[in-house]
Structures are given as C-alpha cells and as structure tokens.
Amino acid sequence: MNPPHDDLHCFLYRSHIAPDADISCVADIVKTARNFNKAQGITGILIFDGQQFCQYIEGPQPALQELVDRITVDRRHIQFTTLHQSAGQHQRRFSKWAMAYVLIDDDDEPLDALVQLQGRHALDKLQALIPQLDLA
C-alpha cells in the first residue's frame with residue numbers, strides 16, 4: 001500500500017565500504033534491506049561499485065526516518081554523505097523494487113559524477129543513470 005503523497009519522502013546518500021568490512025557483507029545488506037523495506041512500504045535502489053555505495057530510498061516518513069537512522073550508524077560503511085532528501089513526492093521512482101541492487105564495474109565509474117552533486121542535481125543524475133544499469 002502506498003502512503004498519501006504528502007507522506008512520501010525520499011532520501012539519497014553515498015558512502016564507502018568500511019576498510020574492515022568484508023565485501024560479502026553487501027549481499028547481507030541487500031537481503032536485510034529487501035525484507036525490512038517490503039514490510040515498511042519502502043522502495044529504492046542500492047548501487048555499489050566495489051568501494052562506494054549510492055542508495056536512494058523512498059517511503060512513508062516514519063519508516064524512512066527509522067531506516068536512515070539505522071543506515072547512518074551501520075559500521076559496514078564510512079563517509080556517509082546525504083546527497084538529497086525531500087518530502088511530498090507525487091510518485092515513487094522505484095515502486096516495483098523493495099530494494100533494487102546494482103553492482104557496477106569500477107572501470108565504468110558512473111557514480112563518480114553523481115556523488116559530487118547535491119540536492120535535486122544528484123537526484124536528476126541518478127534518474128539519468130538508471131536506464132544504463134542492470135537492475136536485479
């Protein structure tokens with residue numbers, strides 16, 4: 001069930017995998033995210049390039065805030081940086097995905113330009129990047 005438009009919030013951030021985190025933790029992150037998000041009415045995408053994460057999540061404000069609070073203290077990543085957040089979206093960008101996941105090749109470096117942006121520009125860059133990604 002989708003929340004009313006005035007309760008639909010979104011959050012976009014980037015971070016780096018922690019130096020002491022095993023790369024296999026990413027599979028656990030995705031599995032946990034899909035289960036939690038489905039139960040809470042949250043949708044989104046997680047992009048990982050082997051070193052850095054970029055995640056966009058959307059959903060009802062209380063559940064989304066709880067998730068953001070959990071993500072910010074997760075010790076599997078560092079250098080957490082908010083790129084965009086907003087409230088009152090008119091529609092979901094990822095309505096079919098409790099958590100879409102994309103592992104991209106480091107050589108492509110599509111995240112480099114995105115993570116340098118803030119606010120609406122970061123969100124627009126993510127939106128432009130989506131058609132190029134192999135969503136799973």
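Keep in mind that this is a model prediction, so the values were computed, not measured.
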Worked check of ring-ring contact (aromatic ring centres under 6.0 Å, His included) between Y56 and F94: CA-CA 9 Å; Y56 171 86; F94 295 94; 5.7 Å; yes
Give, for atom [atom1] of [X] and atom [atom2] of [Y], the distance between the pair rounded to the nearest 0.5 Å.
X	Y	atom1	atom2	value
F36	I42	CZ	CD1	5.0 Å
L129	L114	CG	CG	6.5 Å
L117	R14	CG	CZ	11.5 Å
T43	M99	OG1	CE	8.0 Å
Q52	I104	CD	CD1	7.5 Å
H84	D124	NE2	CG	8.5 Å

Please lay out, stage by stage, how F48 and V30 fare under the test side chain to side chain contact (heavy atoms under 4.5 Å, CB included). CA-CA 11 Å; F48 182 60; V30 173; over 6 Å; no
Shortest non-hydrogen contact from [X] toward [Y]:
X	Y	value
G41	P60	O-CD, 3.4 Å
A98	N37	O-ND2, 2.8 Å
I78	P19	CD1-CD, 3.8 Å

So [Y] and [X], do their side chains get closer than 4.5 Å, heavy atoms only?
X	Y	value
H9	Q85	no
I23	I17	yes
L67	I57	yes
C54	I45	no
I47	Q55	no
Q40	L64	no
I29	F53	yes
Q127	R93	yes

I would like to know whether S15 and Q79 meet side chain to side chain donor-acceptor pair (under 3.5 Å); could you show each step before the answer? CA-CA 5 Å; S15 64; Q79 299 175 0; over 6 Å; no
Salt bridge (charged side-chain N to carboxylate O under 4.0 Å, His left out): which pairs involve residues 70-83, sequence neighbours left out?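 Only D28-R76, D74-R76 qualify under salt bridge (charged side-chain N to carboxylate O under 4.0 Å, His left out).
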Polar side-chain atom of T72 near backbone of D69 as donor-acceptor pair, under 3.5 Å: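 Judged by distance alone, yes, a pair lies under 3.5 Å.
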Set of residues satisfying ring-ring contact (aromatic ring centres under 6.0 Å, His included) with respect to F80, sequence neighbours excluded: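 ring-ring contact (aromatic ring centres under 6.0 Å, His included) list for F80, sorted by chain: Y13, H77.
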